[in-house]
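Predicted model, so just to flag it, every value in this text is computed and none were measured. We count residues from 1, following the sequence as given.
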Amino acid sequence: MEFDLRELGDKLRQAAWREILPRFQQVRDLDVRAKSDATDLVTAADEAAERFLAQEIGRMMPNALFVGEESASKDPGLLDRLDRAELAVVVDPLDGTANFVAGMPLFGVMAAIVRQGKAIAGVIYDPMSDDWVMAEQGGGAFLIRADGTERRLQISEPAPLAEMTGYVSTDFLPAAIKPDIIAKLAKPRMFSSHRCAAHMYRAFASGHGHFVMLDRLTPWDHLAGTLIATEAGAYVACLDGSAYDATKRTGALLTATDPDSWQVLVREVFAHEGWGFTDKSASAASDRPWQGLYGHRNNG
């Protein structure tokens, strides 16, 4: 099936301008509720933006399965259908909801076009800067501005561990693992969390930072971002070394500048027996190539 990624990007922009930005910093209009816990929030903006996108994407791609974060929260069976779908569109209508609720301008709208579990196109829209990062498999990754100008994205050059900077989420790490991982995060030069996968992937794919580690494998958080990062030259794999796709639900995901940096980060920072593997297994893995999202590093 043919699709127009720029048109999809425009639908994300329309959703933001119609349903999200009018509610930004308007607390009475948010209708904030918790989902899985007090940090996992949903607002009227999330729900209204997803309803708009479901309708518009349904018109664009009537034969594609639509999977939104909020619809999947209400109907978990959607994820089983996603695993088997010949074609699907996976949407995060408002990534960074906690930032949005706090009145912080660090949130985004994401969509990925997925064929049999693997992302073949992705787009992340930033409502505050009014621009997109987007990629199609095999075609490179680009920053597209509202005036139509574009720039090809390229990740940072690799760096030694002590000079690496990165983006890390530890919100959902198991209690038995969290203290050890946080202690070992002293080895890189710096790490931070935007509390927003959209902006972590955008920053990394634009050449700012050397790695991204996210500790919850919800497909709307990663499908677009990992494809864009891969097309900008990155290496992506789950922490156990397996390739990432829409069927992965548990564990954590590490994106790095190259396979060697990925292995160093796993061995020195993120390996823990609580994940089901140890430093020894990560070290042994260095004797063979790791297979990332598409089995190779794509420099565009």
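Asp75 is linked by a salt bridge (Lys or Arg N to Asp or Glu O under 4.0 Å) to nothing, counting only residues two or more places apart in sequence or in another chain. Residues that satisfy the side-chain contact (heavy atoms from CB on, under 4.5 Å) test with Met104, not counting sequence neighbours, are Asn99, Ala102. When the ring pair (Phe, Tyr, Trp, His ring centres under 6.0 Å) test is applied to His194, the partners found at least two apart in sequence or on another chain are Tyr167. With sequence neighbours left out, Ala54 forms a side-chain contact (heavy atoms from CB on, under 4.5 Å) with Phe66. For Lys187, the salt bridge (Lys or Arg N to Asp or Glu O under 4.0 Å) test picks out Glu268, with sequence neighbours left out. Checked against side-chain contact (heavy atoms from CB on, under 4.5 Å), Ile182 has the following partners two or more places apart in sequence or in another chain: Thr170, Lys178. With sequence neighbours left out, the side-chain contact (heavy atoms from CB on, under 4.5 Å) criterion links Asp4 to Arg6, Glu7. Take Gln55 and apply the side-chain hydrogen bond (donor to acceptor under 3.5 Å, both in side chains) test, not counting sequence neighbours, and it matches no residue. Listed by chain and number, the residues in a side-chain hydrogen bond (donor to acceptor under 3.5 Å, both in side chains) with Thr247 are Asp245 (sequence neighbours excluded).
In this structure a side-chain-to-backbone donor-acceptor pair under 3.5 Å is missing from Ser261 to Thr257. Put simply, the side chain of Arg81 never gets that close to the backbone of Gly77: no donor and acceptor are under 3.5 Å apart.
Within the structure, the salt bridge (charged side-chain N to carboxylate O under 4.0 Å, His left out) test picks out the following pairs touching residues 50-62 (sequence neighbours left out): Lys11-Glu56, Glu56-Arg59. A ring pair (Phe, Tyr, Trp, His ring centres under 6.0 Å) check over residues 126-149, counting only residues at least two apart or in different chains, returns the pairs Tyr125-Trp132. Sorted by first then second residue, the salt bridge (charged side-chain N to carboxylate O under 4.0 Å, His left out) pairs that include residues 135-147, not counting sequence neighbours, are Asp131-Arg145.
Residues Arg216 and Asp171 are not paired through a salt bridge, judged by the lack of any N-O separation under 4.0 Å between the basic side chain and the carboxylate. Between Lys74 and Glu70 there is no salt bridge, since none of the side-chain N atoms of the basic residue sits less than 4.0 Å from a carboxylate O of the acidic one. Between Lys248 and Asp83 there is no salt bridge, since no side-chain nitrogen of the basic residue lies less than 4.0 Å from a carboxylate oxygen of the acidic one.
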- Task: Take Arg195 and Asp95 through the salt bridge (Lys or Arg N to Asp or Glu O under 4.0 Å) test and state the conclusion after the steps.
- Result: CA-CA 9 Å; Arg195 300 178 76 192; Asp95 186 59; over 6 Å; no
